[in-house]
Each structure stands twice: as C-alpha cells, then as structure tokens.
Protein chains: 2
Amino acid sequence: MRVLSKATVYGLRALVYMASERERTGYVSIGEISERLNISFHFLTKTFQTLTQHGILESYRGPNGGVALTKPADQLFLTDIVHVLEGVDFFDKCLLGLPGCGTFAPCPVHDFWKAAKEAMKNEFDNTSLAELGEKVTDERFRLVA
Amino acid sequence: MRVLSKATVYGLRALVYMASERERTGYVSIGEISERLNISFHFLTKTFQTLTQHGILESYRGPNGGVALTKPADQLFLTDIVHVLEGVDFFDKCLLGLPGCGTFAPCPVHDFWKAAKEAMKNEFDNTSLAELGEKVTDERFRLVA
DNA sequence: TAGTTTTGGGACAAAATTGTCTTAAATATA
DNA sequence: TATATTTAAGACAATTTTGTCCCAAAACTA
Ligand code: SF4
Ligand code: SF4
C-alpha cells in the first residue's frame, strides 16, 4: 500500500521538520534537514526544487542560505504539497484503475473507494504543516526512525 | 495515490470477472479473460501463476483447461488476494514510511492513518469476490473501460 | 502417435522510480 | 578579489515495476 512516493514522503517529512522549528527565522539549509532526517541530500534537493518552482518554498543561495516556507505553516496544507509532488489528480486515482470513471459507470468497488478517498482528501485538506510541526515540537511525535 | 500495483489491479479485475460468470463450471482460460478485460495475456498469466501457487486458483492445462477458483467466490475475500499479491504486511504500511512504527513512537499523521488503514482493512476483509462479481453480472458495474 | 491447446517458467526488454554525482550559479565574507 | 557556502540543473546509475517473448510441460483430440 504505497499511497505516497518516496519523493513525497521525504518532502513532507522535511517540510514538517521545517514547520516544527517554530522559533527559527531565515533560511534552513537542505544539508541540515537531510542530516537530521537521514534523507539523501541530493534527492531531497531535487524534491525541494520542485516545491520551490511551485511556490511552496522560496530558496536563497550562499552562506546562511537555504529554503523557507513561502507562507506561514498554518496556511500550508497537505493537499497543497501533494498536488505539487504527486499531481493535481492525486485524489482522483482509482482502486481498480479504470479510466474515465465517475458515478455513471462505476466499477464494483466504487462506493467504498469514493468514501475512502473523500475521507483522505478531507484530512489532507484540513491538516496544515503547522499542526504536524507542533506535534513534533512537543516531543510527542517523531519524524525519523 | 497508487494503493495497489498494476499486477494486483489486473489480478483482482480478472478474479472478479471469473466470479461474475456465475453459471459457468469448469475452467476459464486466461486467454479469454485477458481478451475480455483488455489485459496483457502474459502479464496476467504471471500474476495468476502466483495466485495458483498460493492456493487462490487451481489450474489445468490443455484444451478446455484454464484456471478456476479453489473456493466458492463468497469465501474468497479481497484481503486474501491482496495478501498474496502485495504481501501479508500490506495493511501495515505507513504514510510517512518510518520503520518500526506503532502506537509507542508514532509519527504526526499516525492517528489519521491508523483509522484510514483500519477502515480499508475492514472493507477488504469483508468484501468477497462473489459480492463484486454479482455487481458486474447485474450490469450495474463494469470491469473494463 | 501427431498435432493442438493451454498453463508453467524463465529470460529479456522497457519504463518508472529512486538514488548519486558533477558542475554551474548565486551569495556572503574575509 | 578569492574562497567558502549553498541551491540549481541535469547527467547518470541502480532498482523496481511493468510488459513481452520463447520454449517446455501437460493434457486433450484426431
Ligand atoms: S469506478 Fe470508482 S473506484 Fe472504480 S476505478 Fe472508477 S473511480 Fe475508481
Ligand atoms: S507512526 Fe503510524 S502513520 Fe506514521 S509511519 Fe508509523 S505506522 Fe505509519
């Protein structure tokens, strides 16, 4: 059950880490994040470039450079990130993979899957990076093995 | 959002097709299924070999040969198939992919994901091939684009 | 027995995903 | 200006997934 690609998983973990560093101002370097979270630096860099190109992050080069969220963490939701990294059709994907689906000509698992997808979309729509970051800051949850 | 691999999707569609052919006795050839459902014959054959090796199907070679469900379709549940094709740890997979998870040291999305996984597992545990096959037989649902 | 049908098994190829590396560009600081 | 730091970009390799193909084995039919 691979819901998210590795690239998305790494990107999300990294963003939540950034959101968890509430006090910090300025840029956080990708090197720091990849070290703390044990993620390949180059792989994470590529994912972050995508996020930068799509307005989730802004970047700054040179000493003390790095990346920063373009908006306050409580205004960035999981759906925003997933749309960039997995595509805007993320929540339209089908369990049985039949093209051109809908309620008109559904497959036999449609009813269940529609509800499951909506629950997931609802959760992603309403969960902000700030919310997840707080859980980490408060030591109750972890981002790394 | 790729919950199931192509191999599993094809296998499931094919099994539901078999279940939908209520009246038929004897073996159904893989060639017929692959043609009707527009699935690569060789790819489906490999998936079916896995299912045969794990007791979901029994096969018979030669003219009028093919495959058949080893049990009545109402005794074969989605979980059974998914366990064979995706692994028995299918429902243990994590949204953020942290190893060694559990309730002790959860990641920040654990609460939601645990509930979502349980809902899915519950559905898969209780949905039989017969149930899905009936929906297809009754013309209300489709298996092919 | 010979020929046909069908699954079994494995080699192989193509494509997608994941991961690594090198070089360039931008920026800061000494 | 020279050097160090850091992201940008893209080439490249490794791995996994997906898909194709060939031939053998089993079973039926004539
Ligand atoms: S009918 Fe519904 S569940 Fe089935 S493949 Fe289409 S959208 Fe997905
Ligand atoms: S803590 Fe829960 S949701 Fe998070 S990775 Fe582990 S099992 Fe999955």
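Residue numbers begin at 1 in each chain, while the letters A, B, ... track the order of the sequences. This is a predicted model, so every value here is computed, not measured.
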Fill in: Toward the 5' end of DNA chain C, by each residue's nearest nucleotide, Gly66(B) or Gly62(A)
Gly66(B)
Fill in: Per Ile30(B) side chain, nearest of listed nucleotides dT7(C), dC28(D), dT18(D)
dT7(C)
Discussion item. Between C1' on dC21(C) and CZ on Phe43(A), what's the gap in Å once rounded to a whole number?
Written reply: 14 Å
Worksheet item: Phe41(A) near the nucleic acid: base, sugar-phosphate alone, or nothing, with a heavy-atom cut-off under 4.0 Å?
Response: base
Practice prompt. Send over the distance from Leu51(A) CG to dA8(D) C1', rounded to a whole Å.
Written response: 14 Å
Discussion item. Could you check whether Thr79(B) and Asp125(B), counting side-chain N and O atoms only, form a donor-acceptor pair closer than 3.5 Å?
Written reply: yes
Worksheet item: Closest to the Ser40(A) side chain: dT20(C), dA28(C), dT20(D)?
Response: dT20(C)
Practice prompt. Starting at atom CD of Gln49(B), determine the distance to atom P of dA11(C), rounded to an integer number of angstrom.
Written response: 13 Å
Worksheet item: Is a donor on one side and an acceptor on the other found under 3.5 Å between the side chain of Glu86(B) and the backbone of Leu4(B)?
Response: no
Discussion item. Could you check whether any side-chain N or O of Thr127(A) sits under 3.5 Å from a backbone N or O of Leu78(A), counting only pairs where one atom can act as donor and the other as acceptor?
Written reply: no
Practice prompt. Applying side chain to side chain contact (heavy atoms under 4.5 Å, CB included), run through Glu134(B) and Arg22(B) and close with a yes or a no.
Written response: CA-CA 8 Å; Glu134(B) 275 169 33; Arg22(B) 283 191 271 220; 3.1 Å; yes
Discussion item. If you assign each of Val67(B) and Ser5(A) to its closest nucleotide in DNA chain C, which residue comes earlier from the 5' end?
Written reply: Val67(B)
Response to the item:
Ranking dA28(C), dC28(D), dT18(D) by distance to the side chain of Pro63(A), first place goes to dA28(C)
Discussion item. Under 4.0 Å, heavy atoms only, any strand: does Gln53(A) hit a base, just the sugar-phosphate, or nothing?
Written reply: sugar-phosphate
Practice prompt. Write down the atom of Leu132(B), the atom of Pro108(A), and the distance for their closest heavy-atom approach.
Written response: CD2-O, 3.5 Å
Discussion item. Can you see if the side chain of Tyr27(B) gets near the phosphate of dT7(C) - specifically, an N or O under 4.0 Å from OP1 or OP2?
Written reply: no
Worksheet, complete the sentence: Checking dG19(C), dT6(D), dT27(C) against the side chain of Ser29(A) (C-beta onward), the nearest is dT6(D)
Item to complete: Between Ser59(A) and Leu4(B), name the one whose nearest nucleotide on DNA chain D is closer to the 5' end.
Response: Ser59(A)
Worksheet item: When you check the gap from the basic side-chain N to the acidic O, do Lys121(A) and Asp92(A) get nearer than 4.0 Å?
Response: no
Item to complete: Return the value, rounded to whole Å, for the distance between atom CG of Asn64(A) and atom C1' of dT3(D).
Response: 15 Å
Item to complete: Output yes when at least one side-chain N/O atom of Arg61(A) is less than 4.0 Å from OP1 or OP2 of dA4(D), else no.
Response: no
Worksheet item: Between Tyr60(B) and dC28(D), does any side-chain N or O lie under 4.0 Å from OP1 or OP2?
Response: yes
Practice prompt. Could you check how far NZ of Lys46(B) sits from C1' of dG10(C), rounded to whole Å?
Written response: 9 Å
Worksheet item: Is the distance from OP1 or OP2 of dA8(D) to the nearest side-chain N or O of Thr45(A) less than 4.0 Å?
Response: no
Worksheet, complete the sentence: Whole-Å distance, His54(B) NE2 to dG8(C) C1', equals 15 Å
Worksheet item: To the nearest angstrom, how far is Lys6(A) atom NZ from dT17(D) atom P?
Response: 10 Å
Item to complete: Rounded to the nearest angstrom, tell me the gap between atom CD1 in Ile33(B) and atom C1' in dT7(C).
Response: 12 Å
